[in-house]
Visitor: 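Have a look at the structure that comes next, please.
Indexing begins at 1, ligand by ligand and atom by atom, following the structure's order.
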Amino acid sequence: MSYQIALSFEDGVTRFVTANPNETVADAAYKSRINIPFDCRDGACGTCKAFCESGKYDGGDYIDEALTEDEAEKGFCLPCQMVPESDLVLQVAGTSEMAKAGATTFEATVTDLSWFADNTAALTLAVENRGELKFLPGQYMNFAVPGTEASRSYSFSSGPAADELRFLIRTAPEGAMTTYLKERAQVGDTIALTGPMGSFFLRDIKRPVLMLAGGTGIAPLLSMLEKIATGLEEAPAHPVHLVYGVTFDKDLVELDKLQHYADAIENFTIAVCVADPESTAENKGYVTQYITAAQLNDGDVDVYLCGPPAMVDAVRKYWDTRGITPANFYYERFAVGSTAAAAPALAGAVA
Ligand SMILES: Cc1cc2nc3c(=O)[nH]c(=O)nc-3n(C[C@H](O)[C@H](O)[C@H](O)COP(=O)(O)OP(=O)(O)OC[C@H]3O[C@@H](n4cnc5c(N)ncnc54)[C@H](O)[C@@H]3O)c2cc1C
Ligand code: FES
């Protein structure tokens, strides 16, 4: 059986390689002409040391100078020695440029553009070589905005196995992408997408998970939920809870899909809140008001947060005031006006 290895580079680019049975990650990468850093290729120098975010493997033979027992226990590994026993996600030291493995550009065709309200678009795209566009749920692509020189980032809201790609896009007054969507976009248009990018992706569920979404920050979390609902061998062994907050009632999107996941995923629950005091929602206020002590589990929780920069900052402050340090805190800021080059640095992972 062959396995898919996602190699996630420091600059946010992810490349996928296929490992055949008993093949090391190094050999699989070499076949795909991806130069991850190597020296001895013998488990002696530690040059290739990487971090395994998810999946199972046989670590192979190596000496303590290359990888200590403590490091191996934490999830560090040696790609020159390790043989995958499942699909893997590895954080590789170095940039994709160094590995001569820059992000790929795909030509996508608009197959549908619909609006939730006047401020949120759902854009569906088809890519001819869909099989080559592999991504991890939570990641994003950089879009070349048609008819402009601008590039904007959007997170997949569809799951990695879906045929078509779906994105949820919040408009901004006179924004480049906004103006394209509102004034020029047509079914049949082509859009160049580059990626996949980002370190905000779903890891193995080893403890309770708390997902926090603000506005269209729900998009990458929907992609993760799709993976949990349809792409995992087993239902999550720990509770997964989502708090989804928006400013106004009209900003709430994809509630039917969320309900579908609540029905389909055992142990998955949702709370929705709206900041506007005039809202008809049951829960009024901000996401942090609807996090419970049980969900924080004394800090033994993996938190995935996606939303505008102000929300990310507010949640970080919330940890400080509550004296909580989540076991893992992964976040993506939907910074406005980002370019392809600036975007990767905006994603964070704090262990
Ligand atoms: C990693 C990442 C993932 C993202 N994923 C999503 C997603 O899934 N969904 C989503 O909705 N958004 C997402 N975003 C945000 C998205 O990339 C865009 O920033 C957003 O859609 C606005 O794009 P725009 O071209 O319409 O507006 P822009 O052209 O970027 O303009 C935004 C606003 O800034 C104003 N502005 C522009 N330039 C200036 C200037 N020089 N001075 C003052 N004001 C200015 C404009 O008038 C406008 O109101 C993501 C961002 C990042 C970094
Ligand atoms: S290259 Fe030396 S340990 Fe892997």
Side-chain angles (χ1 to χ4, degrees), residues 12 24-27 29-30 35-50 59-68 71-72 76-82 92-93 116 119-123 138-158 165-183 185 193-201 213-223 246 251 253-254 306-309 311-312 330-348:
T24 64
V25 169
D27 289 342
Y30 181 74
N35 301 335
I36 49 182
F38 290 111
D39 191 355
C40 69
R41 285 183 171 262
D42 202 23
C45 69
T47 304
C48 65
K49 197 179 298 172
D61 292 330
Y62 50 84
I63 58 170
D64 208 50
E65 280 71 21
L67 187 73
T68 65
E71 287 175 317
F76 288 94
C77 50
L78 297 175
C80 72
Q81 297 302 298
M82 68 194 294
V92 178
F116 285 96
N119 65 352
T120 309
L123 182 66
Q139 290 194 304
Y140 67 93
M141 298 292 281
N142 285 323
F143 284 49
V145 182
T148 75
E149 297 290 306
S151 167
R152 298 286 180 265
S153 310
Y154 295 102
S155 309
F156 295 93
S157 76
S158 44
L165 315 172
R166 186 172 161 93
F167 300 87
L168 301 175
I169 303 180
R170 176 70 192 258
T171 58
E174 292 165 35
M177 186 65 169
T178 302
T179 308
Y180 163 69
L181 291 175
K182 291 240 167 201
E183 297 179 7
L193 312 180
T194 304
M197 314 282 288
S199 56
F200 184 72
F201 50 76
T216 44
I218 193 68
L221 300 177
L222 284 166
S223 182
V246 297
D251 303 334
V253 299
E254 304 281 42
C306 184
M311 179 190 174
V312 176
Y330 307 107
Y331 59 88
E332 186 82 272
R333 292 167 194 260
F334 278 3
V336 160
S338 294
T339 64
L346 298 166

Visitor: Can you tell me if Cys45 has an N, O or S atom under 2.8 Å away from atom 4 (Fe) of ligand 2?
Guide: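 No, Cys45 does not qualify, because none of its backbone or side-chain N, O or S atoms lies under 2.8 Å.
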Visitor: For atom 31 (O) of ligand 1, which of Ser151, Gly175, Ser157, Pro173 has the closest heavy atom?
Guide: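 When every heavy atom of Ser151, Gly175, Ser157, Pro173 is considered, Gly175 comes closest to atom 31 (O) of ligand 1.
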Visitor: Atom CG of residue position Asp61 - does it have more than 12 heavy atoms of other residues, nucleotides or ligands inside 6.0 Å?
Guide: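 No.
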Visitor: At less than 4.0 angstrom from any non-hydrogen atom of Leu168, what atoms of ligand 1 do you find?
Guide: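 Reading through ligand 1 atom by atom, the close ones are 7 (C), 8 (O), 9 (N), 10 (C), 11 (O).
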Visitor: Can you list the ligand 1 atoms lying under 4.0 Å from a non-hydrogen atom of Ile169?
Guide: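 Answer for ligand 1: 11 (O).
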Visitor: How far is atom 3 (S) of ligand 2 from the closest protein heavy atom, and which atom is that?
Guide: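 Here the closest protein heavy atom is Gly46 N, 3.2 Å.
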Visitor: Which heavy atom of Gly198 sits nearest to which heavy atom of Gln139, and what is that distance?
Guide: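 Minimum heavy-atom separation between Gly198 and Gln139: O-NE2, 2.8 Å.
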Visitor: What atoms in ligand 1 come closer than 4.0 Å to a heavy atom of Arg333?
Guide: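 Near Arg333, the atoms of ligand 1 are 52 (C), 53 (C).
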Visitor: Any chance you could measure Arg170, atom CZ, to Ile218, atom CD1, to the nearest 0.5 Å?
Guide: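 That separation rounds to 14.0 Å.
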Visitor: What heavy-atom pair brings Ala44 and Ile63 nearest, and what distance separates the two atoms?
Guide: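 The pair with the smallest heavy-atom distance is O-CD1, 3.7 Å.
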Visitor: Only heavy atoms of Cys48, strictly under 4.0 Å: list the atoms of ligand 2 that pass.
Guide: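 Near Cys48, meaning under 4.0 Å from one of its heavy atoms, ligand 2 has 1 (S), 3 (S), 4 (Fe).
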Visitor: Mind checking whether Tyr154 has an N or O less than 3.5 Å away from an N or O of ligand 1?
Guide: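 Indeed, backbone or side chain, Tyr154 has an N or O that close.
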Visitor: Any N or O on Tyr140 sitting closer than 3.5 Å to an N or O of ligand 1?
Guide: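 Between Tyr140 and ligand 1, no N or O pair is found under 3.5 Å apart.
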Visitor: Could an N or O of ligand 1 be found under 3.5 Å from any N or O of Ser153, whether backbone or side chain?
Guide: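 Between Ser153 and ligand 1, an N or O pair is found under 3.5 Å apart.
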Visitor: Hey, would you say the Phe156 and Phe167 ring centroids sit under 6.0 Å apart?
Guide: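 Yes, ring centres under 6.0 Å apart.
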Visitor: Is the closest N or O pair between Met177 and ligand 1 shorter than 3.5 Å?
Guide: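 There is such a contact, yes.
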Visitor: Near Ala176, which atoms of ligand 1 are under 4.0 Å from a heavy atom of that residue?
Guide: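 Near Ala176, meaning under 4.0 Å from one of its heavy atoms, ligand 1 has 24 (P), 25 (O), 26 (O), 27 (O), 28 (P), 29 (O).
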Visitor: Could you list the atoms of ligand 1 found under 4.0 angstrom from a heavy atom of Glu332?
Guide: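 Answer, ordered by atom number: 1 (C).
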Visitor: Got a donor-acceptor contact below 3.5 angstrom from the Thr178 side chain to the Thr171 backbone?
Guide: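 Not at all, since once roles are kept as given, no pair shorter than 3.5 Å links the two residues.
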Visitor: So do the side chains of Tyr330 and Ser199 get within less than 4.5 Å of each other, counting heavy atoms only?
Guide: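 Result no, sub-4.5 Å side-chain heavy-atom pair not found.
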Visitor: List ligand 2 atoms under 4.0 Å from Arg41, heavy atoms only on the residue side.
Guide: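 Going through ligand 2 atom by atom, the ones under 4.0 Å from Arg41 are 1 (S), 2 (Fe).
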Visitor: Provide the number and element of each atom of ligand 2 under 4.0 Å from a heavy atom of Gly43.
Guide: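 Answer for ligand 2: 3 (S).
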Visitor: On a heavy-atom basis, which atom in Ala50 and which in Pro79 lie closest, and how many Å separate them?
Guide: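 So the two residues come closest at CB-CG, 3.8 Å.
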Visitor: Below the 3.5 angstrom mark, is there an N/O of Arg152, backbone or side chain, next to an N/O of ligand 1?
Guide: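 There is such a contact, yes.
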Visitor: With a cut-off of 6.0 Å (strictly less than), are more than 12 heavy atoms of other residues, nucleotides or ligands near CZ of Phe38?
Guide: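 Enclosed: over 12 neighbouring heavy atoms sit under 6.0 Å from CZ of Phe38.
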Visitor: Is the side chain of Thr179 donor-acceptor paired with the backbone N or O of Gly175 at a distance under 3.5 Å, no angle test?
Guide: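 A pair under 3.5 Å: yes.
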Visitor: Any heavy atom of Ala335 sitting closer than 4.0 Å to ligand 1?
Guide: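 Distance cut 4.0 Å: Ala335 passes for ligand 1.
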Visitor: Under 4.0 Å from any heavy atom of Ala44, which atoms of ligand 2 are there?
Guide: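 Counting atoms of ligand 2 from 1, those under 4.0 Å from Ala44 are 3 (S).
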Visitor: List every atom of ligand 2 that sits less than 4.0 Å from any heavy atom of Cys80, numbering the atoms from 1 in the order shown and giving each element.
Guide: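 It comes down to these atoms of ligand 2: 1 (S), 3 (S), 4 (Fe).
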